[in-house]
Number of protein chains: 2
Amino acid sequence: MSLSQIQYFVAIAEEGTVGKAAARLAISQPPLTRQLRLLEEELGTALFARGPKGMALLPAGERFLVHALRILAEVNAARRTVFCSREPSADPLLSS
Amino acid sequence: MSLSQIQYFVAIAEEGTVGKAAARLAISQPPLTRQLRLLEEELGTALFARGPKGMALLPAGERFLVHALRILAEVNAARRTVFCSREPSADPLLSS
DNA sequence: AGTGTTTACGGCGACCGTAAATATG
DNA sequence: CATATTTACGGTCGCCGTAAACACT
C-alpha cells in the first residue's frame with residue numbers, strides 16, 4: 001500500500017467514476033484501474049461495486065475511506081508541523 | 001513523502017543510530033541515509049541532530065514523529081477494517 | 001451505449017546494493 | 001574513533017503512457 005494508491009482510491013470514491021478520477025489525477029485510466037486492483041488484491045477485498053453508472057463504495061470501501069482520509073490528513077498535518085518550525089527565511093524560495 | 005520514508009524515519013528515531021535502524025529495516029546504510037535526506041529536503045527542515053553517539057531528534061523531528069506514528073497506525077487500522085469484512089474463507093491462503 | 005477492465009509493449013524514474021572515500025564531533 | 005554522509009556504479013523493479021481488445025450492465 002502506498003500513499004499514491006490511497007490518493008487514487010479517494011479520488012475514485014469522490015468522483016464516482018474511474019474516468020473522472022483519472023482526469024482529476026491527471027493520469028490515464030489503465031494505470032488507475034491497475035492501482036485500484038492492486039490495492040484491492042493487497043487488502044483481499046473489493047472496495048467498489050462496478051456498474052454502468054460508475055463506482056459505488058461497498059461497505060468495506062466506506063470503512064476504508066474513513067481511514068484513507070485520516071491518513072492523508074495526517075500527512076498534511078505532519079508537513080505543516082515541521083513547516084511552521086523552519087528558521088525564518090531559511091529557504092530562499094520562500095523569502096522572495 | 002512515501003510510507004517507506006515514514007517507516008525509515010521512525011526506525012531511526014526509535015533505534016537512535018542509522019546503523020541499527022538499517023539492520024532492523026534489513027537495508028544498507030547509504031539508501032537509508034539517502035531517504036532520510038530526501039525526506040528532510042522535502043520538508044525543508046532537518047529532523048535529527050547528528051552526533052558521534054547517533055541521531056538525536058530535533059524539536060521539529062519530535063513533532064513529526066507524532067504524526068508519523070499516527071500515519072502508520074492509521075494504515076494498520078485501514079488494513080484491519082477491511083480484513084475483518086472479508087467473506088469467510090474467501091481467501092484460499094487463509095483457509096488452509 | 002457507456003462504463004470499467006485487461007493485455008501488450010516500451011520508456012522513464014525510483015530504489016536498492018556494493019564499494020570506497022569523505023566529513024563530523 | 002565511531003558514527004554519519006557522500007559518491008559512483010549498476011541492476012532491478014515499479015509505475016506510467018499508448019493502443020487496442022474485451023467485459024459487463
Side-chain angles (χ1 to χ4, degrees), chain A residues 1-62 64-65 68 71-72 75 87 90, chain B residues 1-62 64-65 68 71-72 75 79 90:
Chain A
M1 181 169 354
S2 68
L3 290 178
S4 293
Q5 286 173 328
I6 294 172
Q7 288 170 332
Y8 291 177
F9 164 78
V10 170
I12 296 174
E14 290 181 348
E15 296 294 338
T17 75
V18 175
K20 291 181 188 172
R24 162 172 149 187
L25 295 166
I27 68 175
S28 54
Q29 279 197 31
L32 183 51
T33 293
R34 262 195 300 253
Q35 292 305 314
L36 175 61
R37 176 169 52 80
L38 290 173
L39 178 60
E40 290 178 323
E41 285 176 1
E42 179 181 342
L43 295 173
T45 315
L47 299 172
F48 292 99
R50 277 80 169 166
K53 299 199 223 165
M55 313 286 279
L57 277 170
L58 295 172
E62 292 185 17
F64 187 79
L65 178 59
I71 292 166
L72 299 182
V75 169
E87 290 290 316
Chain B
M1 177 161 12
S2 68
L3 290 177
S4 293
Q5 286 173 328
I6 294 172
Q7 288 171 332
Y8 292 177
F9 164 78
V10 170
I12 297 174
E14 291 181 348
E15 296 293 336
T17 73
V18 174
K20 290 180 189 172
R24 162 172 146 186
L25 294 166
I27 68 174
S28 55
Q29 280 197 33
L32 183 51
T33 293
R34 266 193 300 253
Q35 291 306 312
L36 176 60
R37 176 169 51 82
L38 290 173
L39 177 60
E40 290 178 324
E41 284 176 0
E42 179 181 342
L43 295 173
T45 316
L47 300 172
F48 291 100
R50 277 78 169 168
K53 298 201 223 166
M55 312 286 279
L57 278 171
L58 294 171
E62 292 186 17
F64 187 79
L65 179 59
I71 291 166
L72 299 183
V75 168
R79 272 191 237 272

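Quick note: numbers below take in every heavy atom, side chains included, and nothing from hydrogens, waters or symmetry partners. Sequence lines set the chain letters: A, B, ... in the order given, protein chains first and strands last, and positions in each chain run from 1.
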So, taking the atom named [atom1] in [X] and the one named [atom2] in [Y], what distance separates them when rounded to the nearest 0.5 Å?
X     : Y     : atom1 : atom2 : answer
A:R50 : A:L36 : CZ    : CG    : 5.0 Å
A:L58 : A:T45 : CG    : OG1   : 9.5 Å
A:L65 : A:I6  : CG    : CD1   : 11.0 Å

* Going by heavy atoms closer than 4.0 Å, what residues in residues 13-26 of chain B are next to DNA chain D? ->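 Result for residues 13-26 of chain B: B:T17, B:V18, B:G19, sorted by number.
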>> Assuming nearest nucleotide by heavy-atom distance, tell me which of A:P52 and A:P30 is located more 5' along DNA chain C.
In response: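 So the residue in question is A:P52.
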What is the distance from [atom1] of [X] to [atom2] of [N], rounded to the nearest Å?
X     : N      : atom1 : atom2 : result
B:Q29 : C:dG17 : CD    : P     : 11 Å
B:L36 : C:dC16 : CG    : P     : 12 Å
A:L32 : C:dG4  : CG    : P     : 9 Å
B:R37 : C:dA14 : CZ    : C1'   : 14 Å
B:Q5  : C:dC15 : CD    : P     : 6 Å
A:M55 : C:dG4  : CE    : P     : 7 Å

Q.
When you measure from the side-chain N and O atoms of A:T33 to the phosphate of C:dG4, is any distance below 4.0 Å, counting only OP1 and OP2?
A.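 Answer no for this pair, as no side-chain N or O of A:T33 is under 4.0 Å from OP1 or OP2.
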Check: Are any of B:Y8's side-chain N or O atoms less than 4.0 Å away from OP1 or OP2 of C:dC15?
Finding: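 No.
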Min and max contacting nt of DNA chain D in 5' to 3' order, chain B heavy atoms within under 4.0 angstrom, are D:dT3 to D:dA8
### Query
Which part of the nucleic acid, if any, lies within reach of A:Q35 when heavy atoms closer than 4.0 Å are counted: base, sugar-phosphate only, or nothing?
sugar-phosphate
- request: Determine, step by step, whether A:M55 and A:E15 satisfy the side-chain contact (heavy atoms from CB on, under 4.5 Å) criterion, reporting the C-alpha distance in whole Å, the side-chain angles of both residues, the deciding distance to 0.1 Å, and the verdict.
  value: CA-CA 9 Å; A:M55 313 286 279; A:E15 296 294 338; over 6 Å; no
Is a side-chain N or O of B:E40 found less than 3.5 angstrom from the main chain of B:L47, in a donor-acceptor match?
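Checked: pair present.
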Q | Intermediate values then yes/no, side-chain contact (heavy atoms from CB on, under 4.5 Å), A:I27 and A:Y8 | A | CA-CA 10 Å; A:I27 68 175; A:Y8 291 177; 3.9 Å; yes
Query raised in the report: Run the side-chain contact (heavy atoms from CB on, under 4.5 Å) check on B:F64 and B:L39 step by step: do they pass?
Result: CA-CA 11 Å; B:F64 187 79; B:L39 177 60; 4.1 Å; yes
